[in-house]
Amino acid sequence: MEKITILGSTGSIGTQALNVAEKMGLGISALAAGGRNIALLENQARKWKPEYLAVMDEAAAKDLKIKLADTSVKVEGGADAVNFAATCNSDMVLNSIVGIAGLNPTLTAIEAGKNIALANKETLVTGGDIVMSRAKEKGVSIFPVDSEHSAIFQSLMGVPKGNIYKILLTASGGPFFGKTRDELKNITPADALKHPNWDMGQKITIDSATLMNKGLEVIEAVHLFSVSADNIEVLVHRQSILHSAVELEDGAVIGQLGTPDMAIPIQFALTYPNRMPSPAPRLSLTDIGTLTFEKPDLDTFTCLATCISAIKRGGLYPTAANGANEMAVELFLKGKISFLNIGEFVARATDECKNKQNFTVEDVFEADRLAREAVLSYI
């Protein structure tokens with residue numbers, strides 16, 4: 001591998017991926033970002049000198065084009081520009097765009113025959129059937145970047161197909177583990193953004209606090225590993241050392257452990273099947289001492305229960321759950337709804353979904369739009 005493309009380069013995963021690429025000596029063919037952090041994007045462009053830079057926000061793209069006029073970097077704006085970035089001359093596309101906005105770039109990369117390092121879970125949550133089918137047809141590999149799915153992927157190396165009995169999907173439990181619904185009534189965005197173990201973007205951190213993130217990961221695992229939701233067990237593991245595991249038919253349990261550092265899963269997606277020295281700190285089990293595991297509280301953290309129900313019902317229900325959550329989190333961060341409203345609104349909008357079992361990409365975006373509108377109507 002010589003060059004990669006990074007979509008979502010100014011986010012938490014994107015910036016860490018650039019650090020990993022630097023350590024590996026990889027070049028950057030293209031970068032893409034939303035446009036909220038133009039200063040960082042300009043710095044990335046000057047340092048990495050990509051051939052192409054896409055900015056979702058067209059006004060921000062015009063501003064950046066002026067700032068980078070003294071360079072050879074081509075800057076374009078809008079959704080089509082982001083999709084085009086996914087087709088640029090690179091050995092792999094790492095997609096770390098947040099939300100359903102990552103779906104079309106993933107599909108575009110697949111059509112271009114690019115292998116994908118996938119950190120955008122909504123790609124599979126909303127369009128999993130379409131994405132996995134098309135990737136198989138095009139002979140494209142999808143390597144998971146989420147720490148949990150990377151752990152499962154690593155644990156299954158050398159395991160014959162069909163030998164999975166159960167996937168053990170670990171969750172940190174977020175900042176509110178053990179709290180009751182009554183204790184969560186007055187939670188503020190500032191409270192919810194204090195994750196105990198991971199440094200992530202705002203949206204994903206809120207999703208971790210509601211356990212929505214884990215619900216999305218259950219749906220993602222169904223598509224990535226061709227298992228039923230009934231064969232996935234979520235475990236709250238506060239230390240975030242066992243990143244996930246698989247139980248095999250013979251009762252053996254194989255897991256991947258490591259420090260809570262995204263450098264390992266990002267790098268492995270880029271180097272598979274090879275291993276290289278990583279910038280992540282080494283794990284000392286004697287320093288950790290104790291690993292604990294508990295069942296999640298589905299009655300308090302209802303987003304997880306809604307997602308499990310959605311993938312069992314199939315069709316467009318997972319899309320509705322995701323769209324409703326994206327809107328609800330946005331409203332919560334703006335102080336317009338309460339923390340508990342997030343789970344309530346996601347469940348309600350998901351139940352109201354006009355479902356189709358056989359759907360198109362257009363159906364996905366329509367279901368997403370309707371779910372968002374439903375949440376807005378609840379305020």
Side-chain angles (χ1 to χ4, degrees), residues 99-100 121-122 124-126 128 146 148-149 152 166-185 187 192 195 203-225 227-238 240 244 293-332 337-355 357 367-368 370-372 374-375 378:
I100 195 173
K121 56 178 60 67
E122 292 83 0
L124 296 181
V125 169
T126 62
D146 273 352
E148 296 84 357
H149 299 93
I152 297 162
K166 184 192 295 183
I167 285 175
L168 302 172
L169 188 67
T170 57
S172 70
F176 307 131
F177 174 71
K179 291 190 179 296
T180 64
R181 288 185 65 80
D182 194 57
E183 292 174 309
L184 296 176
K185 282 181 180 177
I187 291 296
H195 194 281
K203 195 266 182 182
I204 298 174
T205 304
I206 299 299
D207 284 352
S208 179
T210 63
L211 291 196
M212 181 72 185
N213 203 44
K214 207 51 49 181
L216 297 178
E217 289 175 5
V218 169
I219 298 170
E220 190 180 5
V222 167
H223 292 293
L224 277 172
F225 306 110
V227 296
S228 162
D230 290 326
N231 295 108
I232 300 174
E233 181 181 356
V234 175
L235 298 173
V236 176
H237 169 50
R238 296 294 284 163
S240 294
S244 277
F293 303 92
E294 301 181 55
K295 291 183 180 295
D297 180 355
L298 298 180
D299 293 327
T300 299
F301 299 94
T302 56
C303 284
L304 175 56
T306 297
C307 286
I308 293 171
S309 171
I311 188 58
K312 287 182 178 180
R313 286 189 280 180
L316 293 168
Y317 282 112
T319 298
N322 179 74
N325 179 69
E326 287 192 24
M327 178 54 70
V329 170
E330 182 181 329
L331 293 172
F332 171 66
I337 66 173
S338 73
F339 183 78
L340 290 178
N341 282 153
I342 298 174
E344 294 162 4
F345 292 174
V346 169
R348 187 173 167 187
T350 303
D351 285 339
E352 292 174 3
C353 171
K354 296 175 182 177
N355 194 36
Q357 289 297 336
D368 174 78
L370 291 173
R372 291 168 188 267
V375 169
Y378 304 152

Of the options L304, T306, T300, which is the one that meets L211 in a side chain to side chain contact (heavy atoms under 4.5 Å, CB included)? L304
Relative to the ring of H237, is the ring of F293 parallel (under 30°), tilted (30 to 60°) or perpendicular (over 60°)?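 Parallel.
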F225 and H149 aromatic ring geometry - parallel, tilted or perpendicular at 30°/60° bounds: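 Because their plane-to-plane angle is under 30°, the rings of H149 and F225 count as parallel.
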Please report the closest heavy-atom contact between [X] and [Y], naming both atoms and the distance.
| X | Y | result |
| --- | --- | --- |
| F332 | I187 | CE1-O, 3.8 Å |
| K312 | A229 | CG-CB, 4.0 Å |
| F339 | A209 | CZ-O, 3.6 Å |
| C303 | T210 | CB-O, 3.8 Å |
| E183 | T180 | OE1-N, 2.8 Å |

Say you draw a straight line from [atom1] of [X] to [atom2] of [Y]; how long is it, rounded to the nearest 0.5 Å?
| X | Y | atom1 | atom2 | value |
| --- | --- | --- | --- | --- |
| I311 | L216 | CD1 | CG | 11.0 Å |
| E220 | C307 | CD | SG | 11.5 Å |
| R181 | F301 | CZ | CZ | 9.5 Å |
| C353 | D368 | SG | CG | 10.5 Å |
| L340 | K185 | CG | NZ | 8.0 Å |
| E148 | L169 | CD | CG | 6.0 Å |

Check whether any side-chain heavy atom of L124 sits under 4.5 Å from a side-chain heavy atom of I219, and report yes or no.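 L124 vs I219: side chains apart.
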Are any non-hydrogen side-chain atoms of M212 and I342 less than 4.5 angstrom apart? no
List the steps and the verdict of salt bridge (Lys or Arg N to Asp or Glu O under 4.0 Å) for D297 and K179. CA-CA 9 Å; D297 180 355; K179 291 190 179 296; over 6 Å; no
List the atom pairs, donor and acceptor, that lie under 3.5 Å between side-chain atoms in residues 316-325 and the rest of the protein, sequence neighbours left out.
residue	atom	partner	partner atom	Å
T319	OG1	T126	O	3.1
N322	ND2	E326	OE2	3.0
N325	ND2	D207	OD1	2.9

Could you tell me whether the side chain of [X] and the main chain of [Y] form a donor-acceptor pair under 3.5 Å?
| X | Y | answer |
| --- | --- | --- |
| T350 | V346 | yes |
| R372 | A367 | no |
| T170 | L235 | no |

Worked check of side chain to side chain contact (heavy atoms under 4.5 Å, CB included) between K121 and N213: CA-CA 9 Å; K121 56 178 60 67; N213 203 44; 3.4 Å; yes
Take I308 and K214 through the side chain to side chain contact (heavy atoms under 4.5 Å, CB included) test and state the conclusion after the steps. CA-CA 10 Å; I308 293 171; K214 207 51 49 181; over 6 Å; no
For a side chain to side chain contact (heavy atoms under 4.5 Å, CB included) check, start with the C-alpha distance between E294 and F177, then their side-chain angles and the critical distance, and finish with the verdict. CA-CA 10 Å; E294 301 181 55; F177 174 71; 3.5 Å; yes
Does a side-chain N-to-carboxylate-O contact under 4.0 Å join K203 and E122?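 E122 and K203: salt-bridged.
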Electrostatic pair R348:E352 at N-O distance under 4.0 angstrom: yes
